[in-house]
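Have a look at the structure below, then the notes.
Below, chains carry the letters A, B, ... as their sequence lines are ordered, and counting in each starts from 1.
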2 protein chains.
Amino acid sequence: MAKNKRDIDLKVKQDELESTATRLFLSLGYDGTSMGRIARELGVAPNTLYWYYASKDELLVGVLNRQMSQTLVRLPTIVEKSLKEKMAWALREFEQSRELVATVHARLEQSEVIREWHDQFHRFVEAAVIHTLQADGVAKERAAMLATVGTFLVEGLLAHPHSERQREAILQWFSESALPA
Amino acid sequence: MAKNKRDIDLKVKQDELESTATRLFLSLGYDGTSMGRIARELGVAPNTLYWYYASKDELLVGVLNRQMSQTLVRLPTIVEKSLKEKMAWALREFEQSRELVATVHARLEQSEVIREWHDQFHRFVEAAVIHTLQADGVAKERAAMLATVGTFLVEGLLAHPHSERQREAILQWFSESALPA
DNA sequence: CTTTGCTCTTGAATGGCATACAAGATGACC
DNA sequence: GGTCATCTTGTATGCCATTCAAGAGCAAAG
């Protein structure tokens, strides 16, 4: 099956591409990284990237999915932990992507693909958090609301510089207030 | 005093400029609004703007300050209200600037002026919220932490689409959890 | 072995962008 | 009437995402 062979090559190439793009996006930011720069780093012409991705935003989606799938691999390590520890873990996971989180929010209005990715991401995260809360004995409606609050807190902590103590205090307070005694 | 006269003219011109820039930023977004577009709308050459502002980011700061000062005028109308109502008011105030809020966060890393404005803004808001919470009998340390949480919740609600019921539920829960019985 | 056709890459271009610079216009003060 | 600061503009630069049409490489079909 030559078709298959080609598909594999495609995936391999996309992987190199996204790997380079990820590194640059994380170090220089999305706006600070030009398509030309990514291409130069890969040793190809700038427009080559457009054979693989229709736009810079689609490349960003590829990068985000890549980051997400790596995070998902590490997810099982915390399923048994407390709510507070789970949130602290999420913060550590996304800390290096802080800037990309802000970029995603800023591009929501301008890019359909980003909006779709963002919405899907939130649906996934909220479902997971709701599940956790329900397992801890929180009623369904309330769990949904608290899941939203939890994600807002994580996003807020990611977006704003803060001390370890502040983070600790916020997570501690949220856990206490959210969970039944 | 001719100096004074000129200063007044300057302020008037800046005001027209920021008024137009505000309208465009709010309707088309920061990235969707080019300096050229603003200039065209004002009937001047694009580079004229650079006599008044050193950069597009500085113009944005002007716009943000303008919005803020308008909000400050309305601030006294809610000093007597409950924490929950205050937060709902803040959400209504900033709702039309949703996109700019995201822009500010996205540009934090790239623009020093934006970063300074943002930090100052947060210091101001947190101080105000802490004051309110302390008046409601919350201890100082705890008030500081809750003020941060409160702003994160407002920012989260601004950044993410939600129903009236969700908003209501979140604000209600936060008020109950934050304030002493 | 050659032709066809698909996948991938490129050169060259387009239009837009924020911004810089130096030359002008305007109007106040000496 | 000339000088000076304030304001405006023409023109240009370099960067950007993206497009398009032309090619290179290579597999399958004849």
Side-chain angles (χ1 to χ4, degrees), chain A residues 1-18 20-21 24-25 27-63 100 103-104 106-107 109-114, chain B residues 1-18 20-21 24-25 27-63 100 103-104 106-107 109-114:
Chain A
M1 265 208 223
K3 185 79 179 311
N4 209 339
K5 168 94 173 325
R6 286 235 163 121
D7 277 1
I8 290 174
D9 271 13
L10 183 72
K11 286 280 184 287
V12 168
K13 219 57 186 287
Q14 274 187 330
D15 198 63
E16 291 178 40
L17 232 153
E18 286 171 8
T20 302
L24 292 175
F25 282 170
S27 58
L28 308 174
Y30 180 78
D31 286 324
T33 306
S34 71
M35 294 297 266
R37 173 66 186 268
I38 300 170
R40 199 184 341 132
E41 211 100 350
L42 285 159
V44 299
N47 46 357
T48 297
L49 305 184
Y50 286 87
W51 193 88
Y52 295 93
Y53 303 92
S55 67
K56 196 182 178 183
D57 282 308
E58 284 205 3
L59 173 55
L60 175 56
V61 167
V63 166
L100 290 190
T103 301
V104 165
R107 298 200 62 71
E109 321 267 342
Q110 309 162 52
S111 165
E112 171 116 34
V113 269
I114 298 290
Chain B
M1 266 206 219
K3 184 81 181 310
N4 210 340
K5 169 95 175 322
R6 285 238 162 120
D7 278 0
I8 289 173
D9 271 13
L10 183 73
K11 287 280 184 286
V12 168
K13 219 58 188 290
Q14 274 187 331
D15 197 62
E16 292 177 39
L17 231 151
E18 286 171 8
T20 303
L24 292 176
F25 282 170
S27 58
L28 309 173
Y30 179 78
D31 286 323
T33 306
S34 71
M35 295 296 267
R37 173 66 186 269
I38 300 170
R40 201 189 335 139
E41 211 100 352
L42 286 159
V44 299
N47 45 356
T48 297
L49 306 184
Y50 286 88
W51 193 88
Y52 295 93
Y53 303 92
S55 67
K56 196 181 177 184
D57 282 309
E58 285 204 3
L59 173 55
L60 175 56
V61 166
V63 166
L100 289 190
T103 300
V104 166
R107 298 199 62 71
E109 321 266 343
Q110 309 160 54
S111 165
E112 171 115 36
V113 268
I114 297 291

Inset, instruction - To the nearest 0.5 Å, tell me how far Leu59(A) CG sits from Thr33(A) OG1. - result: 9.5 Å
Legend entry - Gap between atoms CD and P, on Gln110(A) and dC17(C) respectively (whole Å): 13 Å
Inset, instruction - Choose from dT7(C), dT19(C), dT6(D) the nucleotide whose nearest atom is closest to any side-chain atom of Ser55(B). - result: dT19(C)
Inset, instruction - Round to a whole Å and report the spacing from CE of Met35(A) to P of dT14(C). - result: 21 Å
Legend entry - Separation of atom CH2 in Trp51(B) from atom P in dA18(C), rounded to whole Å: 21 Å
Inset, instruction - Ignoring the backbone of Tyr50(B), work out which of dA18(C), dT9(D), dC7(D) is nearest its side chain. - result: dA18(C)
Legend entry - Length of the CG-P vector between Leu17(A) and dC8(C), whole Å: 12 Å
Inset, instruction - Can you run down the salt bridge (Lys or Arg N to Asp or Glu O under 4.0 Å) pairs that involve residues 45-60 of chain B, sequence neighbours left out, and say none if there aren't any? - result: Asp57(B)-Arg107(B)
Inset, instruction - Could you state the atom-to-atom distance from CG of Leu28(A) to C1' of dC15(D) in whole Å? - result: 15 Å
Legend entry - Whole-Å distance separating the NZ atom of Lys56(A) from the P atom of dT18(D): 8 Å
Inset, instruction - Identify the heavy atoms of Val63(B) and Glu18(B) that sit nearest to each other, and give their distance. - result: CG2-O, 4.0 Å
Legend entry - Nucleotide dA17(D), atom C1' - distance to CG of Asp31(B) in whole Å: 13 Å
Legend entry - Separation between CG of Leu17(A) and CG of Leu49(A), rounded to the nearest 0.5 Å: 5.5 Å
Inset, instruction - Among the candidates dT6(D), dT10(C), dC16(D), find the nucleotide nearest to the side-chain atoms of Ser34(A). - result: dC16(D)
Legend entry - Rounded interatomic separation in angstrom, taking NZ from Lys13(B) and C1' from dT26(C): 12 Å
Inset, instruction - Kindly say if Tyr53(B) contacts the phosphate of dT19(C), meaning a side-chain N or O under 4.0 Å from OP1 or OP2. - result: no
